[in-house]
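Just so you know, residue 1 is the first one in the sequence shown, and it goes up from there.
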Amino acid sequence: YRSSGNATKANYHQRLSDSFSNSAKACNNAYESTKREADALKKEEQKKELGKGIIRAAMKLGARETGLPSTFTLGLVANGACGPGGTESAGITVDTNGTVLLQGATGAGGGSPSASANMFLTMTDADSGYDLEGTSAQFG
């Protein structure tokens, strides 16, 4: 080969190598993107299954099957006071339409020195979990 031919041959091999490298990167990017989408779908399915489990648990705990739409919220609440006090809660709300929501609340109050953390289950006759959003009051 002449030296100019070797340079052309080397250039061809480099372009071919770059092409394979770019193809491999594109395949890897497509794989990673598909994997992320599959993981997101899996999480959504897990959330739906959790919601179904909450409804089954609530039914076992005494919710009557009336045919009316109902909501069920299972969550955690933390309270504390030493004079002024406060409360934070978060729960997963599921309605009989299959809607699954994450809801939370913050409150203020007062009392003697205390702290607690509890689980709660709330059942309502609201048409949808979305009806539970907004301002509310709780006593007890």
Side-chain angles (χ1 to χ4, degrees):
Y1 291 113
R2 297 182 313 205
S3 64
S4 64
N6 286 338
T8 302
K9 190 174 185 180
N11 188 19
Y12 170 77
H13 287 290
Q14 182 60 46
R15 285 192 325 233
L16 188 60
S17 176
D18 290 346
S19 177
F20 282 131
S21 178
N22 289 338
S23 294
K25 286 178 187 175
C27 287
N28 188 51
N29 290 343
Y31 167 78
E32 290 297 326
S33 176
T34 303
K35 186 174 184 264
R36 281 191 301 273
E37 290 174 18
D39 289 345
L41 286 173
K42 184 177 178 182
K43 286 181 184 176
E44 189 63 31
E45 286 300 315
Q46 289 172 339
K47 195 164 92 172
K48 287 180 183 177
E49 285 303 312
L50 177 61
K52 290 176 186 176
I54 291 171
I55 289 174
R56 284 191 298 272
M59 291 295 186
K60 286 181 182 177
L61 291 172
R64 293 178 314 182
E65 204 164 349
T66 62
L68 298 173
S70 295
T71 66
F72 308 93
T73 304
L74 181 64
L76 299 171
V77 62
N79 301 294
C82 188
T87 183
E88 293 285 333
S89 67
I92 297 175
T93 299
V94 180
D95 63 29
T96 54
N97 300 316
T99 306
V100 179
L101 302 167
L102 179 61
Q103 296 183 317
T106 300
S112 58
S114 63
S116 66
N118 300 290
M119 279 187 85
F120 66 89
L121 173 65
T122 304
M123 295 176 276
T124 75
D125 63 354
D127 290 333
S128 165
Y130 294 109
D131 294 335
L132 303 177
E133 294 181 344
T135 305
S136 67
Q138 181 178 355
F139 302 93

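T34 contributes a side-chain N or O that, together with a main-chain N or O of A30, makes up a donor-acceptor pair within less than 3.5 Å.
Looking at every heavy atom in both residues, G91 comes nearest to F120 through CA-CZ, 4.5 Å.
Under the 4.5 Å side-chain heavy-atom criterion for grouping Ile, Leu, Val, Met, Phe, Trp and Tyr, M123 is connected to L74 within one hydrophobic cluster. One hydrophobic cluster, built from ILVMFWY side chains closer than 4.5 Å, holds both V100 and L76. The hydrophobic clustering, which links ILVMFWY residues whose side-chain heavy atoms are closer than 4.5 Å, places M119 and L102 together.
Expressed to the nearest 0.5 Å, how far NZ of K42 lies from NZ of K35 amounts to 9.5 Å. Remark: L132 CG to T93 OG1 distance equals 6.0 Å, nearest 0.5 Å. How far CG of L41 is from CD of E37: 7.5 Å, rounded to the nearest 0.5 Å. Separation of atoms CD1 (I92) and CZ (F72) is listed at 15.0 Å; rounding is to 0.5 Å. Here Y130 contributes atom OH and L101 contributes atom CG; the two are 5.0 Å apart, rounded to the nearest 0.5 Å.
Residues T71 and D95 bring no donor and acceptor atom of their side chains to less than 3.5 Å of each other.
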